[in-house]
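Structure record follows, encoded as structure tokens.
Numbers for residues simply follow the sequence, beginning at 1. Remember, it's a predicted structure, so these values are computed and weren't measured experimentally. Both backbone and side-chain heavy atoms feed into the values below; hydrogens, waters and symmetry mates do not.
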Amino acid sequence: MSTTDTQRTTEQPPDKLKFTFPSALTVLATVTIAVWLLAFLVPSGLYDRNESGAPIQGTYHRVDSGQSFVDRLNDLFLAPVNGLYGIQDQKSGQVGPDLAGDLYGSAGVFLFVLAIGAFITVVFATGALDRGIGRLAHRLRERGALLIAGIMVVFSVLGTVEGFAEETLGFYGLIVPLMLALGYDRMVAVGTIILGAGIGVLCSTVNPFATGVASSAADISLGDGIVLRFVMWVVLTAVTVAYVVRYARRVRRNPELSLTGFLPGDRDQDAASEAEEPELTGLHKAVLVTMGLVFAFMIFSVVPWASALTGDANARPYGFELGWSFPQLAALFVCAAVLVGLVARLGEQKLSSMIIQGAADFISPALVIVLARGVTVIMNNSKITDTVLHSIEGVVKGTSSGVFAIIVFVVNLPLAFLIPSTSGHATLAMPILAPLADFAGVSRAVVVTAWQAASGWMNLWVPTTAVTIGGVALAKVGYDKYLRFVWPLLALLFLMICGFVAFGAVFT
């Protein structure tokens with residue numbers, strides 16, 4: 001052993017190599033190369049299309065892709081560019097940045113994600129959301145079950161409308177001591193936070209990062225299927241709240257039943273000694289009202305009200321319907337970010353920096369969407385998308401619509417583990433899954449609901465998500481104990497989700 005090696009050993013032992021799950025960008029870059037290589041082996045083929053562009057079942061036929069090796073290499077090189085603003089030629093169906101035709105890339109969704117990031121960051125910069133939740137917790141501190149339910153419902157609402165998940169990590173410092181002071185254990189705090197926000201994301205109604213991206217990739221409106229998703233959100237949120245409250249009451253009556261036990265000092269806190277109620281100023285109230293109105297208007301602008309109220313998917317839109325999509329919504333949230341900044345009197349310098357910071361913070365999920373769309377461009381240009389669709393067609397052919405919806409849910413469970421980004425998962429999977437719904441005679445909105453339920457269900461427990469593994473670490477709760485706590489609820493939710501998507505497939 002050399003002197004250098006001896007010094008290294010005595011001064012600081014080398015760190016053991018630990019496996020870390022790759023980021024979503026790395027996963028999708030790997031998927032891009034893998035799909036590009038597979039395109040050389042998978043035969044090219046096409047379906048005949050109807051007037052709306054949907055494939056016609058039973059019309060699949062083999063064709064020559066017409067691509068040389070140089071063409072394929074160019075597709076790989078330009079995949080991210082095409083994923084952002086690739087244009088699809090109407091005659092050949094090829095996608096490229098310098099063609100003429102319809103936008104195939106995800107530029108609209110990309111800008112929408114950045115706009116959402118700017119809006120959320122500005123809202124948090126005002127301190128209004130933190131103060132509002134803190135005030136709710138303080139006012140209900142002597143009514144434990146109501147406090148748990150209140151926090152979980154607030155987190156669930158935020159989860160279902162804007163994908164509130166990672167933001168919950170900032171609330172452990174508030175909620176863990178509060179739950180301990182009320183006689184509960186740390187697991188109650190973990191369940192309140194992770195499951196509260198998680199069930200909202202699982203049952204996303206208009207969550208732009210789940211429902212929005214998936215709906216765009218499935219070529220349907222963000223508002224399609226919102227009635228089913230809303231009912232599903234109400235029922236599953238109630239079940240999840242009841243599950244956490246039931247455990248909390250049991251631990252309070254008999255602390256020995258706690259799955260986590262208590263750390264030194266956990267039992268010494270007193271709810272009566274908590275700090276004073278956080279002040280909610282007039283500006284904070286104005287920001288919270290503005291935030292609520294923005295999301296309410298977003299829901300109003302995307303819902304196909306005639307179809308939702310009459311039950312007829314082909315109903316003529318009412319005169320007041322806006323029918324907005326991602327370009328309009330991107331503009332809405334940019335304007336809303338400015339409006340919140342003006343209401344909160346942030347000042348020009350801080351407001352500008354918060355908008356820039358927010359867009360920068362959300363560049364990662366936005367790039368994930370672009371990379372995932374780039375994969376579909378490679379499949380499209382090599383004409384293997386319809387071949388993959390044809391191979392799956394045989395699996396679902398002849399199944400009932402309810403069974404088909406359950407299959408979509410189950411198939412997406414392992415995909416949600418392999419592709420931890422919901423946006424990337426949606427952009428990658430929907431071009432295949434959505435046409436399958438047409439073959440099965442099922443609304444594409446049901447496929448979106450089944451997909452997001454699978455993604456949300458997995459994210460309640462998989463250790464590759466920062467929300468779960470970071471949450472249990474902040475609360476000082478073992479991950480194995482969390483799994484022991486949550487698995488009965490996971491089993492119940494699994495069965496209920498299957499029931500909902502099957503019902504939706506049959507009756508919508």
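- The main-chain N or O of Ser258 is never found under 3.5 Å from a side-chain atom of Tyr247 such that the two would form a donor-acceptor pair.
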Does the side-chain contact (heavy atoms from CB on, under 4.5 Å) test come out yes or no for Trp233 and Val161, once each step is laid out? CA-CA 11 Å; Trp233 172 74; Val161 299; over 6 Å; no

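- Around atom CZ of Arg250, more than 12 heavy atoms belonging to other residues, nucleotides or ligands sit under 6.0 Å away.
- When all heavy atoms of Ala217 and Ala426 are compared, the closest pair comes out as CB-O, 4.0 Å.
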Could you check Ile148 against Tyr184 for side-chain contact (heavy atoms from CB on, under 4.5 Å), going step by step and ending with a plain yes or no? CA-CA 11 Å; Ile148 294 170; Tyr184 304 123; 4.0 Å; yes

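- Tyr172 approaches Ile194 most closely through the heavy-atom pair OH-CG1, 3.2 Å.
- Considering only heavy atoms from C-beta on, Val446 stays 4.5 Å or farther from Phe404 through its side chain.
- Counting heavy atoms from C-beta on, the side chains of Leu195 and Leu460 come closer than 4.5 Å.
- Between Thr240 and Leu493, the closest side-chain pair of non-hydrogen atoms falls below 4.5 Å.
- Of the possible polar contacts, one joining the Trp457 side chain to the Leu490 backbone as a donor-acceptor pair under 3.5 Å is found.
- Under the 3.5 Å distance criterion, the side-chain polar atoms of Asn412 are matched with a main-chain donor or acceptor of Val408.
- Here the CE-CD1 distance, from Met232 to Ile199, works out to 7.5 Å after rounding to the nearest 0.5 Å.
- Using a distance-only test at 3.5 Å, with no hydrogens or angles considered, a donor-acceptor pair links the side chain of Ser204 to the main chain of Val201.
- By the neighbour-count criterion of 12 heavy atoms within 6.0 Å, atom CZ of Arg252 is densely surrounded, having more than that number from other residues, nucleotides or ligands.
- Annotation: side chain of Met179 is in contact with side chain of Leu147 (closest heavy-atom distance under 4.5 Å).
- A pairwise comparison of heavy atoms in Val448 and Ser215 identifies CG1-OG, 4.1 Å as the closest pair.
- Ile355 has its side chain out of reach of Thr121: every pair of non-hydrogen atoms, C-beta onward, lies at least 4.5 Å apart.
- For the pair Asp185 (side chain) and Val188 (backbone), a donor-acceptor distance under 3.5 Å is present.
- Residue Phe119 is tested with Phe362, Phe295, Phe112 for a ring pair (Phe, Tyr, Trp, His ring centres under 6.0 Å); the sole match is Phe295.
- Side-chain contact between Gln328 and Leu332 is absent, with no heavy-atom pair separated by less than 4.5 Å.
- With values rounded to the nearest 0.5 angstrom, Leu114 atom CG is found 12.5 Å from Ile356 atom CD1.
- Taking CD1 of Ile116 as the start and CG of Leu111 as the end, the distance is 12.5 Å to the nearest 0.5 Å.
- Classification of the Phe320-Phe300 ring pair by plane angle, with boundaries at 30° and 60°, yields parallel.
- Residues Lys481 and Thr260 come closest through the heavy atom pair NZ-O, 3.7 Å.
- Atom CD1 in Ile406 sits 7.5 Å away from atom OG in Ser400 (nearest 0.5 Å).
- Checking side-chain atoms of Ser216 against main-chain N and O of Gly212 turns up no donor-acceptor pair under 3.5 Å.
- With rounding to the nearest 0.5 angstrom, the CG atom of Leu367 is 9.0 Å from the CG atom of Leu84.
- The backbone N or O of Met430 sits nowhere less than 3.5 Å from a side-chain atom of Arg444 that would complete a donor-acceptor pair.
- Between the OG1 atom of Thr126 and the CG atom of Leu288 there is a distance of 7.0 Å, given to the nearest 0.5 Å.
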Evaluate the side-chain contact (heavy atoms from CB on, under 4.5 Å) criterion for residues Gln452 and Asn207: first the C-alpha distance (whole Å), next the side-chain angles of each, then the deciding distance (0.1 Å), finally the verdict. CA-CA 10 Å; Gln452 70 179 32; Asn207 172 9; over 6 Å; no

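- Nearest approach of Trp451 to Ala210, heavy atoms of both residues: CZ3-O, 3.4 Å.
- No side-chain heavy atom of Phe485 sits under 4.5 Å from any side-chain heavy atom of Val190.
- At least one donor-acceptor pair closer than 3.5 Å links the side chain of Ser106 to the backbone N or O of Gly83.
- Using a distance-only test at 3.5 Å, with no hydrogens or angles considered, a donor-acceptor pair links the side chain of Thr376 to the main chain of Arg373.
- Scanning all heavy atoms of the two residues, the minimum distance from Met291 to Leu158 falls at CE-CD2, 3.8 Å.
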Mind running side-chain contact (heavy atoms from CB on, under 4.5 Å) on Leu329 and Leu222 for me, showing each step along the way? CA-CA 11 Å; Leu329 293 178; Leu222 178 61; 4.1 Å; yes

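- Looking at heavy atoms from C-beta onward, Phe155 lies out of side-chain contact with Thr192 at the 4.5 angstrom threshold.
- With Arg229 contributing its side chain and Thr205 its backbone, the two residues share a donor-acceptor pair below 3.5 Å.
- Classified by interplanar angle (parallel below 30°, tilted 30° to 60°, perpendicular above 60°), the ring pair Phe409/Phe494 is tilted.
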